[in-house]
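Single-structure report; data block below.
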Amino acid sequence: DVYKRQRHSWPEELTAEYVVSAVLSDHPLPANLEAQGRLAAAVERARSGPEPAIVDMPEIAATIDGARYDFRHADSGANWFVFRFHDGSAVFTTDEGNGPTDVQVGLDGRFMTDKVQPIALRGTWQGDDTFVVEYQMIGQVERGTVEFIFEDDVAHVTTREAATGTIQSAIADRSAD
């Protein structure tokens, strides 16, 4: 069938006519100043990230600031956690059995990277009692969210791993300390 033969030869013909001839050419492509300007602007936008957002903290943020929450079961992956809120960021401290680890959490719409851990985090308040932390492991595909719902002296913690779809839930109680 002529149509099938022609259709299958189109990629080879296009490759030979345009790609191979461009690769074998002794002349550079002509300058495209408009495209170079668009590329430079896109690179600058990516470098600077989104504009910082103004963060309104709900009343509960002051209540949980510095309070330690102990997980009820060891299978949660961590023993306890603490949030400390500052202007535009937070420090999340947790202990997974190797001693406390602090990581920075951006609160202004921007991810914050940690100098020690290969992770970037940003958090948003989604209502008066729900704090959601987005995480991205640097150099890996692993990313997801950790949702903290604070209710009286209890935190309901749900982790959602985006790549695998894994969901884990745990309950942590506010420490009496």
Side-chain angles (χ1 to χ4, degrees), residues 38-177:
R38 287 194 316 267
L39 177 61
V43 167
E44 185 55 37
R45 282 192 308 276
R47 179 181 295 127
S48 63
E51 288 295 318
I54 297 172
V55 180
D56 289 327
M57 303 285 252
E59 289 181 26
I60 198 165
T63 304
I64 65 170
D65 184 46
R68 177 175 157 158
Y69 286 82
D70 296 312
F71 284 103
R72 292 182 182 176
H73 302 286
D75 60 350
S76 67
N79 297 321
W80 54 266
F81 70 89
V82 173
F83 280 106
R84 289 182 184 81
F85 297 100
H86 306 285
D87 296 331
S89 69
V91 175
F92 177 69
T93 304
T94 188
D95 183 358
E96 296 179 351
N98 303 342
T101 302
D102 293 339
V103 290
Q104 297 286 318
V105 180
L107 298 180
D108 60 358
R110 296 179 179 201
F111 281 94
M112 291 189 78
T113 56
D114 189 73
K115 291 179 174 53
V116 178
Q117 306 292 325
I119 193 168
L121 301 151
R122 71 177 168 191
T124 56
W125 285 99
Q126 297 182 356
D128 291 337
D129 62 355
T130 304
F131 186 61
V132 177
V133 176
E134 293 177 71
Y135 66 90
Q136 171 69 56
M137 299 304 295
I138 310 255
Q140 299 177 29
V141 70
E142 185 180 343
R143 64 182 179 81
T145 60
V146 183
E147 178 184 70
F148 299 85
I149 299 175
F150 296 95
E151 191 174 82
D152 298 322
D153 288 338
V154 175
H156 301 272
V157 183
T158 304
T159 303
R160 291 176 176 84
E161 215 290 321
T164 63
T166 303
I167 298 174
Q168 294 179 327
S169 295
I171 297 175
D173 297 302
R174 186 178 176 125
S175 176
D177 295 350

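For the single chain, residues carry numbers from 1 onward in sequence order.
A distance of 14.5 Å separates CH2 of Trp80 from CZ of Arg174, quoted to the nearest 0.5 Å. Separation of atoms OG1 (Thr158) and CZ (Phe148) is listed at 9.5 Å; rounding is to 0.5 Å. Note: Thr145 OG1 to Glu161 CD = 9.5 Å, rounded to the nearest 0.5 Å. Separating the CD1 atom in Ile60 from the CZ atom in Phe150 is a distance of 7.0 Å, to the nearest 0.5 Å. Rounding to the nearest 0.5 Å gives a distance of 10.5 Å between CG of Leu121 and CG of Leu107. With rounding to the nearest 0.5 Å, the separation of CG in Asp95 from OG1 in Thr101 is 7.0 Å.
Nearest heavy-atom pair across Gly97 and Asn79 is N-ND2, 3.5 Å. Pairing each heavy atom of Val105 with each of Gly123, the nearest pair is CG1-N, 3.4 Å. Closest approach of Ile171 and His156 over heavy atoms only: CG1-ND1, 4.0 Å. The minimum heavy-atom distance between Ala90 and Phe85, with the atom names listed, is CB-CD2, 3.8 Å. Between Pro58 and Gly127, the shortest heavy-atom distance links the atoms CG-O, 4.2 Å. Across all their heavy atoms, Tyr69 and Val154 have their closest contact at CE2-C, 4.3 Å.
The list of side-chain hydrogen bond (donor to acceptor under 3.5 Å, both in side chains) pairs with a residue in residues 127-138, not counting sequence neighbours, reads Arg122-Glu134.
Checked against ring pair (Phe, Tyr, Trp, His ring centres under 6.0 Å), Phe111 has no partners two or more places apart in sequence or in another chain. Listed by chain and number, the residues in a salt bridge (charged side-chain N to carboxylate O under 4.0 Å, His left out) with Asp102 amount to none (sequence neighbours excluded). Glu59 pairs by the side chain to side chain contact (heavy atoms under 4.5 Å, CB included) definition with nothing, not counting sequence neighbours. Qualifying salt bridge (charged side-chain N to carboxylate O under 4.0 Å, His left out) partners for Arg38, counting only residues two or more places apart in sequence or in other chains: Glu34. In this structure, the side chain to side chain contact (heavy atoms under 4.5 Å, CB included) partners of His86, at least two apart in sequence or on a different chain, are Arg84, Ser89, Val91.
At a threshold of 4.5 Å between non-hydrogen side-chain atoms, the residues Val157 and Phe71 count as touching. Two residues are said to be in side-chain contact when any heavy atoms from C-beta on lie closer than 4.5 Å; Met57 and Asp65 fail this criterion. At least one side-chain heavy atom of Val132 sits less than 4.5 Å from a side-chain heavy atom of Glu147.
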**Message:** Under the criterion side-chain contact (heavy atoms from CB on, under 4.5 Å), I'd like the reasoning laid out for Val82 against Arg68: C-alpha separation, chi angles, the key distance, then a yes or no.
**Reply:** CA-CA 5 Å; Val82 173; Arg68 177 175 157 158; 3.8 Å; yes
**Message:** If you apply the rule side-chain contact (heavy atoms from CB on, under 4.5 Å), what do you find for Phe92 with Val146, and how did you get there?
**Reply:** CA-CA 12 Å; Phe92 177 69; Val146 183; over 6 Å; no
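Within a 6.0 Å radius of CZ in Arg143, other residues, nucleotides and ligands contribute 12 heavy atoms or fewer.
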